[in-house]
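One structure is given below, encoded as C-alpha cells.
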Protein chains: 2
Amino acid sequence: MARAGLTAERLTQAGAELADKVGFDQVTLSALARLFDVKVASLYSHVTNSHDLKTRIALLALQELADRAADAVAGRAGKDALVALGNVYRDYAREHPGRYAAMHFRLDRETAIASAGVRHSQMTRAILRGYDLTEPDQTHAVRLLGSVFHGFATLELEGGFGNSSPDSQESWTRTLDALDALLRAWPAPE
Amino acid sequence: MARAGLTAERLTQAGAELADKVGFDQVTLSALARLFDVKVASLYSHVTNSHDLKTRIALLALQELADRAADAVAGRAGKDALVALGNVYRDYAREHPGRYAAMHFRLDRETAIASAGVRHSQMTRAILRGYDLTEPDQTHAVRLLGSVFHGFATLELEGGFGNSSPDSQESWTRTLDALDALLRAWPAPE
DNA sequence: GACTTCTACCTAATACTATTAGGTAACTTC
DNA sequence: GAAGTTACCTAATAGTATTAGGTAGAAGTC
C-alpha cells in the first residue's frame with residue numbers, strides 16, 4: 001500500500017482550504033482522511049487530536065494575516081496605513097472565511113502568546129503613530145480599531161448588511177473615512 | 001414511567017442556559033436529554049432536529065436582547081441613548097455569552113426576516129435621530145455602530161483585550177465617547 | 001368507570017465522528 | 001541486505017444525530 005505522504009503541515013494546509021470551502025466547524029479529521037484517502041486513525045501520527053488540528057489552522061491564519069498586514073502597512077502612514085490595514089483584514093475575511101473564523105478559535109494562554117496574534121496589535125498600534133494620541137488613548141484606539149475591523153468583517157460575512165443599498169463596500173469606505181476623522185480629533189475623556 | 005413534561009419552549013430555555021454555561025456549540029441534544037433524564041430520541045417529538053433547537057435558541061436570544069434594547073433606549077436620546085444601547089449589547093454578551101453566540105447562528109432567509117433581528121437595526125437607526133445625518137449616512141452609521149458593538153463584545157469575551165491595563169471597561173467608556181463625537185461631526189465623503 | 005384516542009416517551013437500529021491500542025508493511029540507514 | 005523506524009492499517013470503544021416503530025400514560029367520550 002503506497003503511502004500518502006502526510007505531514008502536520010499538509011494536513012493543516014488542507015484543513016485551512018477545507019475550512020474556507022465548508023466552514024471552520026465542518027473541518028473534521030474524518031473529512032481530511034477522506035480527502036487524502038486514508039483511514040482516520042492514521043492522522044493521529046501527525047496531529048495529536050482534532051483540537052490540535054484546529055489550533056494549527058488558527059495559527060496558520062494568524063500568521064498569514066499578520067504577514068499580509070505587515071506588507072500592507074510597510075512604507076505607509078496616517079490614513080494611508082489605516083486604510084491599508086483595514087482592507088487587509090476585510091479582504092482576508094472575504095477570501096478566506098474559514099481561516100478567518102479559525103483565527104478566533106480559543107487558544108490556550110501559552111499558545112496565544114507565542115502566536116502571530118501579538119503582531120496584530122503591534123501593527124495596529126504602529127499605524128496610530130501617524131495620529132497624535134497619548135499613551136493610554138493609543139490602547140483605547142487599538143481596541144476600537146480591532147472592534148470595528150472584526151465586527152464589520154464578521155457582520156458582512158454573515159450577510160448582516162443584507163443586499164440592501166447602499167452596498168457594503170460604500171459603508172466600508174465611509175467607515176474608514178470616519179475612523180480617520182475620529183483619530184485626528186480624538187476626544188478627551190468627559 | 002412518569003413523563004418529563006417536555007415542550008419545545010422548555011428545551012429552548014434549557015438549551016439557552018446550557019449555552020451560557022458551556023458554550024453554544026457544546027449544546028447537544030444528548031446533553032439536553034441527560035438534563036431532563038430522558039432518552040435522546042424523545043426530544044424529536046418537540047424539536048425537529050439539532051439545527052431546529054439551535055435556531056430556537058438564536059431566536060430566543062435575538063428577542064431577549066431586542067426587548068432589553070427597546071427598554072433601554074425608551075425615553076432617551078442622543079448620547080444617552082447611544083450609551084444605553086451599547087451597554088445593553090455588551091452586558092448581554094457578558095451575562096449570556098452562549099446566547100450571544102447563538103444570535104450569530106446562521107438563520108435561513110425567511111427565519112431571519114421573521115426574527116427580532118430586524119428590530120435591532122431599527123433601534124440602532126432610531127438612536128441616530130438624535131444626530132444630524134443624511135439618509136445614506138444613517139445606514140453607514142448603523143453599520144458602523146453594529147460593527148463596534150459586536151466587535152468589542154466578541155473580542156472582550158474572547159479575552160482579546162487581555163488583563164492588561166487600562167482595563168476594558170475604560171476602553172469601552174472612551175469608545176462610546178468617541179462614537180458620540182464622531183456622530184456629531186460625521187465627515188462628508190472625500 | 002370503561003372505551004377510545006392521542007401522544008409523550010421508549011427501544012432498536014444506522015450512521016458519522018473521535019480516540020486509543022496494537023499490528024504490518026514500507027521506507028531509511030548502515 | 002539486515003535492522004530499525006514509522007506511516008498507515010485493523011479493531012474496538014464511546015459520543016452524537018437521526019429514523020422507525022412500539023408502549024404506556026394522559027385526555028376525552030359515552
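Chain A is the first sequence line, chain B the second, and so forth, proteins listed ahead of strands; every chain is numbered from 1.
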Worksheet item: Within this structure, what is the CG-to-P distance between Leu29(A) and dA14(D), rounded to whole angstrom?
Response: 20 Å

Discussion item. Please tell me whether Tyr100(A) and Glu95(A) have a donor and an acceptor in their side chains that are separated by less than 3.5 angstrom.
Written reply: no

Discussion item. If we count only N and O atoms by modelled type, under 3.5 Å, do the side chains of Gln169(A) and Thr173(A) hold a donor and an acceptor together?
Written reply: yes

Item to complete: Answer yes or no: does a side-chain N or O of Ser50(B) lie under 4.0 Å from OP1 or OP2 of dA17(D)?
Response: yes

Discussion item. dG15(D), OP1 or OP2 - any side-chain N/O from Ser30(B) closer than 4.0 Å?
Written reply: no

Worksheet item: Which word best sums up how the rings of Phe105(A) and Phe24(A) line up, parallel for under 30°, tilted for 30 to 60°, or perpendicular for over 60°?
Response: perpendicular

Worksheet item: So, is Arg34(A) close to the dT17(C) phosphate, meaning a side-chain N or O under 4.0 Å from OP1 or OP2?
Response: yes

Item to complete: Rounded off to whole Å, could you give me the CG-to-P distance for the Leu32(A) and dC8(D) pair?
Response: 14 Å

Worksheet item: Between dT17(C) atom P and Asn49(A) atom CG, what is the distance in whole Å?
Response: 17 Å

Practice prompt. Measure from CG on Leu43(A) to P on dT20(C) and round the result to the nearest Å.
Written response: 13 Å

Worksheet item: For His46(B) and dT18(D), what is the distance between atoms NE2 and C1' respectively, to the nearest whole Å?
Response: 16 Å

Item to complete: Report the distance from atom CZ of Phe36(B) to atom P of dC10(C), rounded to the nearest whole Å.
Response: 13 Å

Worksheet item: Of the candidate nucleotides dC8(D), dT18(D), dT20(C), which contains the atom at the shortest distance from the side chain of Ala41(A)?
Response: dT20(C)

Worksheet item: Starting at OH of Tyr44(B) and ending at C1' of dT7(C), how long is that distance when rounded to a whole Å?
Response: 19 Å

Practice prompt. Report yes if a side-chain nitrogen or oxygen of Ser42(B) is closer than 4.0 Å to either non-bridging phosphate oxygen (OP1 or OP2) of dC10(C); otherwise report no.
Written response: yes

Discussion item. Whole angstroms only, please: what is the CG-C1' distance between Leu6(B) and dC9(C)?
Written reply: 9 Å

Worksheet entry | 5' precedence on DNA chain C between Gly5(B) and Ala31(A) (nearest-nucleotide basis) | Gly5(B)

Item to complete: For the pair Ser115(A) (side chain) and Gly117(A) (backbone), establish whether a donor and an acceptor sit closer than 3.5 Å, ignoring hydrogens and angles.
Response: yes

Worksheet item: In terms of the angle between their ring planes, are His150(A) and His150(B) parallel, tilted or perpendicular, with boundaries placed at 30° and 60°?
Response: parallel

